[in-house]
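Each ligand, and each atom within it, is numbered from 1 in the order the structure gives.
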Amino acid sequence: MKNTLGIFFCLSSLILTSALAFSQGSIPRLAFQGTAKQLIVGGNAFLIRGGELGNSTATTVENMEPVWPKLKAMHLNTVLIPVFWELVEAEEGVFDFSLYEALIREARQWDLRIVFLWFGSWKNSMSSHAPAWVKTDQQKYPRVKDDAGKSQEILSAFSEQVLAADKRAFEQLMRFIREVDSREHTVIMVQVENEIGMLPSARDYQELAERAFRSPVPSQLIAYMQENKNLLVPEFLQAWKSTGYQTAGRWEEIFGKGVHADEIFMAWHYSKFANAIAEAGKRIYPLPMFVNAALNREGREPGDYPSAGPLPHLMDIWKAAGDAIDFLAPDFYNPDFKHWCDLYTQQGDVLFVPEHRFDNTVAAKALYTIAHYEGLGFAPFSIESTPQPEEEPLGKMYALIRDLTPLITAHQGQGRVEGVLLSKSIPQTIVRMGKYELTCKNDYSLSWTPGATTEHWPLGSVVIIQTGEDEFYIGGTGVVITFKHREHKNLNVGLLKVDEGSFEGGEWKIIRHLNGDQTHQGRHVSIPTNQFKIQRVELYLYE
Ligand code: DGJ
């Protein structure tokens, strides 16, 4: 009997250990393939076809009822949902995640994944989502003061009590996710806080903050700056240079006096705070975690815009403070998409766009994020606001991305995936892949297209995947492509075969054999504006 039991315990603990190993092994994670960082979900690289809900939409299960079918109609695979601190810990130390458990179960019914957004101490700079017991105890949970000494409804990042309370709630959130989701992995990432940033002055002037401002710059930051001196972003390097690259002293001694030093100081403390939250959460359940930023605008000073958030000019500081935050992400309510994406990826970091105004550019930009930046994915904000989800170009683009995902992810990180974004002001981009040079133009560049003379050109965007020396799959909308050979400049490149098709169960299925007008009698490859198509293209050389 003793022996049998012993064997039973041995076996069951083995089963338990391997079940644990399995569930831990398949927890969503970030991993490199070549130069690309991919999000691995259930063992496969996952591209987020996302949408973020309006802030208050997912605060009851009932209110979500009409939303789920809209998300499906637009072929989303992921929904970004805020978790309100005030709702999960209305009473200090008493946690209730039943709403979020119900949302996870609903999401599974609709075959959707979730990225939770932790609206904890800060949401758009403010502390609107802190529970009442935090808001009403200013003694214990101090607020920031602006440069005029006026207190704001913003919790101070310098308070140990604020950090401890936020951390405890976040740990509970991660514990809850682990309990309900460590097998199914419906929740794939977590955003820590929302658009952290100081307003209306560049830094906090509350007593604890003042004390920190008079203290020496931490050696951890100095060491990072010294080790990465050649890689620092120009704005940060300039601030350091302005004092002759000092390596010891207070904030103003190392970065000069004024709002820019104030912002650097504040960024360090925000990042320390966010990293402490993420680190504590990851100790319980290590999902990928990120922070998002409200982008600054040219000509505005820190404090006019939310100072010290995870912005490109502060990215070194945000990184130096810890590595529990996996990446920094931009929110787009600002049109210069490429400019900001280039800044966020300037040090080789992965790109994810958790928010973009839900306008008529999102379909093209979603593809561009995935194709050109080999990003994790894209999510328009207030995704449920469309009255006609079936008509949304975004949905058509998401269906196309869904079909191409295995091909894209298999070829990422090896110089075999590219993307273009073509507008009226930038109507052409040249892409070099393998032996070929591809000249990509907005479809309306062709003088005979109906839209050529119109004032407004829709964005054109395609992903190009090189699957063989002379073989490409091209998917997207509103682009015309011609080809040259990079070595044999005296030879011509011809279209040997062009087919339009789709992937069914991973198999390429031809829908139309394209030639004649559809390839301009063999001169170019074209996907007209407002069509969302995939083509397989085979090239050859002739004299
Ligand atoms: C950015 C924030 O992150 C969102 O939560 C939302 O407030 C939008 N701005 C604007 O509606």
Trainee: With nothing but distance in play, are any N or O atoms of Glu52 less than 3.5 Å from an N or O of ligand 1?
Mentor: no
Trainee: Check Gly460 against Val479 and note the closest heavy-atom contact, atom names and distance.
Mentor: C-CG2, 3.8 Å
Trainee: What atoms of ligand 1 come within less than 4.0 Å of a heavy atom belonging to Asn194?
Mentor: 2 (C), 3 (O), 5 (O)
Trainee: Which atom pairs, one a donor and one an acceptor, fall under 3.5 Å between side chains of residues 323-335 and the rest of the protein, sequence neighbours left out?
Mentor:
| residue | atom | partner | partner atom | Å |
| --- | --- | --- | --- | --- |
| Asp326 | OD1 | Lys282 | NZ | 3.3 |
| Asp326 | OD2 | Lys282 | NZ | 2.8 |
| Asp326 | OD2 | Met289 | N | 2.7 |
| Asp331 | OD2 | Asn292 | ND2 | 2.8 |
| Tyr333 | OH | Glu355 | OE1 | 2.6 |
| Asn334 | OD1 | Asp336 | N | 3.3 |

Trainee: Which of the atoms of ligand 1 are close to Glu195, meaning less than 4.0 Å from one of its heavy atoms?
Mentor: 1 (C), 2 (C), 3 (O)
Trainee: Mark up the atoms of ligand 1 that fall under 4.0 Å of a heavy atom belonging to Lys123, in ascending order.
Mentor: 4 (C), 5 (O), 6 (C), 7 (O)
Trainee: Are Glu210 and Arg203 close enough, and set up right, to give a salt bridge (Lys or Arg N to Asp or Glu O under 4.0 Å), and what steps lead you there?
Mentor: CA-CA 10 Å; Glu210 285 291 87; Arg203 73 172 175 89; 2.7 Å; yes
Trainee: Could you tell me which atoms of ligand 1, counted from 1 in the order shown, lie closer than 4.0 angstrom to a heavy atom of Tyr333?
Mentor: 1 (C), 8 (C), 9 (N)
Trainee: How far is atom 11 (O) of ligand 1 from the closest protein heavy atom, and which atom is that?
Mentor: Phe381 CE2, 3.4 Å
Trainee: Is the positively charged end of Arg211 above the ring of Phe213, judged by distance under 6.0 angstrom from the centroid and angle within 45° of the axis?
Mentor: no
Trainee: For residues 168-180, pull every pair meeting side chain to side chain donor-acceptor pair (under 3.5 Å), keeping only residues two or more places apart or in separate chains.
Mentor: Glu89-Arg168
Trainee: In ligand 1, which numbered atoms sit nearer than 4.0 Å to a non-hydrogen atom of Asp331?
Mentor: 3 (O)
Trainee: Could you list which atoms of ligand 1 come closer than 4.0 Å to a heavy atom of Glu355?
Mentor: 1 (C), 2 (C), 3 (O), 4 (C), 8 (C), 9 (N)
Trainee: Tell me whether Asn442 contacts the main-chain N or O of Leu422 through its side chain, where contact means a donor paired with an acceptor under 3.5 Å.
Mentor: yes
